[in-house]
Amino acid sequence: MPNYWLIKSEPSAFSIDDLARSPDKTTCWEGVRNYQARNFLQAMAVGDFAFFYHSQADPPAIVGIVEVVKAAYPDHFAWEARHKYFDENSSKQNPRWVMVDVRLKTILPAPLSLARLRGVKGLETMELLRKGSRLSVQPVREKEWKCILRLSQSRD
DNA sequence: GCCAACGTTGGC
DNA sequence: GCCAACGTTGGC
């Protein structure tokens with residue numbers, strides 16, 4: 001059984017269309033610099049699925065589905081001195097940050113906006129909808145996953 | 001641009 | 001270990 005996740009990206013930095021244009025529609029998910037989010041990355045397995053969410057967007061929305069194609073490995077950008085993701089506390093001997101590889105599976109026919117998701121029965125306790133939630137990598141319950149899939153397939 | 005809600009840092 | 005100051009995220 002796969003596990004389900006949600007990963008956020010600002011489309012001005014990397015959008016789902018950018019992912020669609022990437023080689024093999026695959027990218028490494030670098031730059032996570034939050035311990036809780038990192039721990040979720042480490043918990044991901046090949047074959048897990050994640051919603052691709054556009055934050056800082058108009059509107060903020062779930063826009064697609066990706067599949068984990070490579071499990072967690074060191075985020076080498078943390079070792080590059082002039083890189084924006086550089087972290088002097090991460091060494092090759094003891095990497096502090098990790099990334100996974102994800103491949104685009106589906107672009108939703110219509111984005112599911114945050115506003116739309118709020119108030120949907122069955123999503124009351126979803127992390128994304130929690131007040132003050134900022135986690136850029138978060139788990140999604142199977143029940144929530146299926147509920148959102150159904151929403152994405154209904155038209156209205 | 002504003003601001004609430006976090007997370008991190010560092011003095012003590 | 002506490003907590004104020006600061007930095008960041010992200011909706012609005």
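Residue numbers start from 1 in every chain, and the chains themselves are labelled A, B, ... in the order their sequence lines are given, proteins ahead of strands. Predicted, not measured: the structure shown is a model, and the values here were computed from it.
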*For A/Q56 and C/dG10, give me the distance from atom CD to atom C1', rounded to whole Å.*
4 Å
*May I ask you to test the A/D101-A/V68 pair for a side-chain heavy-atom distance under 4.5 Å?*
no
_Can a side-chain donor-acceptor contact be found between A/E127 and A/S133 if the only test is distance below 3.5 angstrom?_
yes
*Give me the residues of residues 3-11 of chain A where at least one heavy atom lies under 4.0 Å from an atom of DNA chain B, by number, or none.*
none
*asked:* So A/C147 and A/V120, do their side chains get closer than 4.5 Å, heavy atoms only?
replied: yes
*Please state how far atom CG in A/L117 lies from atom P in C/dC12, giving the value in whole angstrom units.*
11 Å
*Would you call the rings of A/W145 and A/Y4 parallel, tilted or perpendicular if under 30° counts as parallel and over 60° as perpendicular?*
parallel
*Grab the CZ-P distance between A/R118 and C/dG10 for me, whole Å please.*
13 Å
*Between C/dG11 atom P and A/M126 atom CE, what is the distance in whole Å?*
13 Å
*For ring-ring contact (aromatic ring centres under 6.0 Å, His included), just list the numbers for A/Y53 and A/W5, CA-CA rounded to whole Å, side-chain angles, deciding distance to a tenth of an Å, and then say yes or no.*
CA-CA 11 Å; A/Y53 178 83; A/W5 310 92; over 10 Å; no
*Heavy-atom distance under 4.5 Å between the side chains of A/D17 and A/V63, does that happen here?*
no
*Round to a whole Å and report the spacing from CG of A/D58 to P of B/dG1.*
16 Å
Without placing hydrogens or testing angles, list every side-chain donor-acceptor pair under 3.5 Å for residues 38-46 of chain A, not counting sequence neighbours.
residue: A/R38; atom: NH1; partner: A/R96; partner atom: O; Å: 3.0
residue: A/N39; atom: ND2; partner: A/Y35; partner atom: O; Å: 3.3

*How about A/K8 and A/L6: do any of their side-chain heavy atoms sit closer than 4.5 Å?*
yes
*A/I62 CD1 to C/dG10 P: how many Å, rounded?*
14 Å
Look for any protein N or O under 3.5 Å of an N or O in nucleotides 3-9 of chain B and output each such pair with its distance, or none.
residue: B/dA5; atom: OP1; partner: A/K131; partner atom: NZ; Å: 3.0
residue: B/dA5; atom: N3; partner: A/R134; partner atom: NH1; Å: 3.3
residue: B/dC6; atom: OP1; partner: A/R130; partner atom: NH2; Å: 2.9
residue: B/dC6; atom: O2; partner: A/R134; partner atom: NH1; Å: 2.7
residue: B/dC6; atom: O2; partner: A/R134; partner atom: NH2; Å: 2.7
residue: B/dG7; atom: O4'; partner: A/R134; partner atom: NH2; Å: 3.4

